[in-house]
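As structure tokens, the structure follows; a few thoughts come after it.
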Number of protein chains: 2
Amino acid sequence: MNIGDVAEKSGLPPKTIRYYEEIGLVKPLRSANGYRTFLDSDVHKLAFLGRARALGFTIEDCRNLMALYDDDQRASSEVKEIAEQHLERIDNKIAELAQMRATLSHLVNACAGDHRPDCPILADLAATCPDGDLIDTTA
Amino acid sequence: MNIGDVAEKSGLPPKTIRYYEEIGLVKPLRSANGYRTFLDSDVHKLAFLGRARALGFTIEDCRNLMALYDDDQRASSEVKEIAEQHLERIDNKIAELAQMRATLSHLVNACAGDHRPDCPILADLAATCPDGDLIDTTA
DNA sequence: GTTGACCTTCCAGTAAGGGGAGGCCCTAGG
DNA sequence: CCTAGGGCCTCCCCTTACTGGAAGGTCAAC
């Protein structure tokens, strides 16, 4: 199978598949003309990677998950730990975004959004200094 | 004022300040020895940038917000639009993360996390193919 | 035989800086 | 007067996970 077919079957772009080969996630064979030749198992791996990436796992997570997948002596606790750490990263990120959202949404609601220059959003960005300085927001 | 003082006052690392100069967000003067010389207005700008970045605005957003801040003919609607677009990006990102979180959390709960190899997380990553193929998850 | 689709490699770029090398400048202490 | 130290400078590579493009080889069809 050539890379185009694999791309279609796995749902990953050819560029991504080449990249995954470069970083050692898949190891396709080569035919005489230099083209990459993929097995069904490669397609399977790539689909696995695509799904793991879609869940937000890093490439390194994916590498570890694949290794565990290939290891029938694995303990599910190892897999679970990777997933739990990722879940925590996601929760942290969501919390961070929610905090931004709250502040930003508050500012947006306070802004008239008309033709006048007065703007609480800019005022907030300009005025809130770490050392408590009050800066002239009319500038 | 040298870059070290400005870093302390603005809360941004010197590296970041140099980077902001490189991309044209601040334009410090230079003294005879080649050192950057900052004015209070530069510190003000940098603090502004730091807060905008903390709210997740991109550098390009920051550039535009600063331009609006410097323009006393601005309409607050322009500021509000930038903020609203950013708010939408945040909401999209949160939704995406929440979706990941839901799936992942479901899988984590389903995983025993013990010494045995059986793992619903790996099974899910391996089995759900775009074209509906069922792949042997006992491998 | 030639067109066009496919494949190859390599280079460069993304966002927003971080790390570190190699080297100048300036001040304080002995 | 010399040196140690800390601060500053530029320059280059590194990060994540790809994506785009250029230059060129291959293959099947018309």
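Everything numeric here is computed off the predicted structure, so don't read it as measured data. First the proteins, then the strands, lettered A, B, ... as listed; each starts at 1.
Between A/D124 and B/R51 there is no salt bridge, since none of the side-chain N atoms of the basic residue sits less than 4.0 Å from a carboxylate O of the acidic one.
In this structure the side chain of A/L122 reaches within 4.5 angstrom of the side chain of B/F48, judged on heavy atoms. Using a 4.5 Å cut-off on side-chain heavy atoms (C-beta onward), B/V6 and B/D42 make no contact. Side-chain contact between B/L107 and A/L55 is present, with heavy atoms from C-beta onward closer than 4.5 Å.
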* Asked: Step by step, would you call A/L46 with A/K9 a side chain to side chain contact (heavy atoms under 4.5 Å, CB included)?
  -> CA-CA 9 Å; A/L46 288 165; A/K9 288 197 186 183; over 6 Å; no
* Go through the steps for B/M66 and B/L49 under the test side chain to side chain contact (heavy atoms under 4.5 Å, CB included), then give the verdict. => CA-CA 8 Å; B/M66 289 251 308; B/L49 290 168; 3.8 Å; yes
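Residues satisfying the side chain to side chain contact (heavy atoms under 4.5 Å, CB included) test with A/P14, not counting sequence neighbours, are A/I3, A/A7, A/R18. Every residue two or more places apart in sequence or in another chain that forms a side chain to side chain contact (heavy atoms under 4.5 Å, CB included) with B/D5 is listed here: B/M1, B/N2. Every residue two or more places apart in sequence or in another chain that forms a side chain to side chain contact (heavy atoms under 4.5 Å, CB included) with B/K93 is listed here: A/L97, B/E96, B/L97. Partners of B/R36 under the salt bridge (Lys or Arg N to Asp or Glu O under 4.0 Å) rule, at least two apart in sequence or in another chain, are B/E21. Listed by chain and number, the residues in a ring pair (Phe, Tyr, Trp, His ring centres under 6.0 Å) with A/Y20 amount to none (sequence neighbours excluded). Under the ring pair (Phe, Tyr, Trp, His ring centres under 6.0 Å) criterion, A/F57 pairs with A/H86, sequence neighbours left out. Residues passing the side chain to side chain contact (heavy atoms under 4.5 Å, CB included) test with B/N33 are B/S31, B/Y35, sequence neighbours excluded.
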* With the sugar-phosphate defined as primed atoms, P, OP1 and OP2, and the base as all remaining atoms, what B/S/- string results for nucleotides 17-30 of chain D, 5' to 3', for protein heavy atoms under 4.0 Å? -> BBSBB---BBS---
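Within residues 83-104 of chain A, no residue has a heavy atom under 4.0 Å from DNA chain C. Contacts with DNA chain D (heavy atom under 4.0 Å) in residues 21-28 of chain A: none are found.
Helix bend of the helix from C/dG1-D/dC30 to C/dG30-D/dC1: the angle between its two end axes, each built from five pairs, comes to 30° after rounding to 10°.
In this structure, A/R18 reaches the bases: a heavy-atom distance under 4.0 Å links it to at least one base atom across the strands shown.
Taking atom CD1 on B/I17 and atom C1' on D/dT10, their separation rounds to 17 Å, with Å as the unit.
First and last contacting nucleotides of DNA chain C toward chain B (any atom under 4.0 angstrom from a heavy atom, 5' to 3' order): C/dA16 to C/dC26.
The side-chain contact (heavy atoms from CB on, under 4.5 Å) with B/D61 is formed by just one residue from the set B/R89, B/R53, B/Q85; it is B/R89.
A side-chain donor-acceptor contact under 3.5 Å links B/R74 to the backbone of B/Y69.
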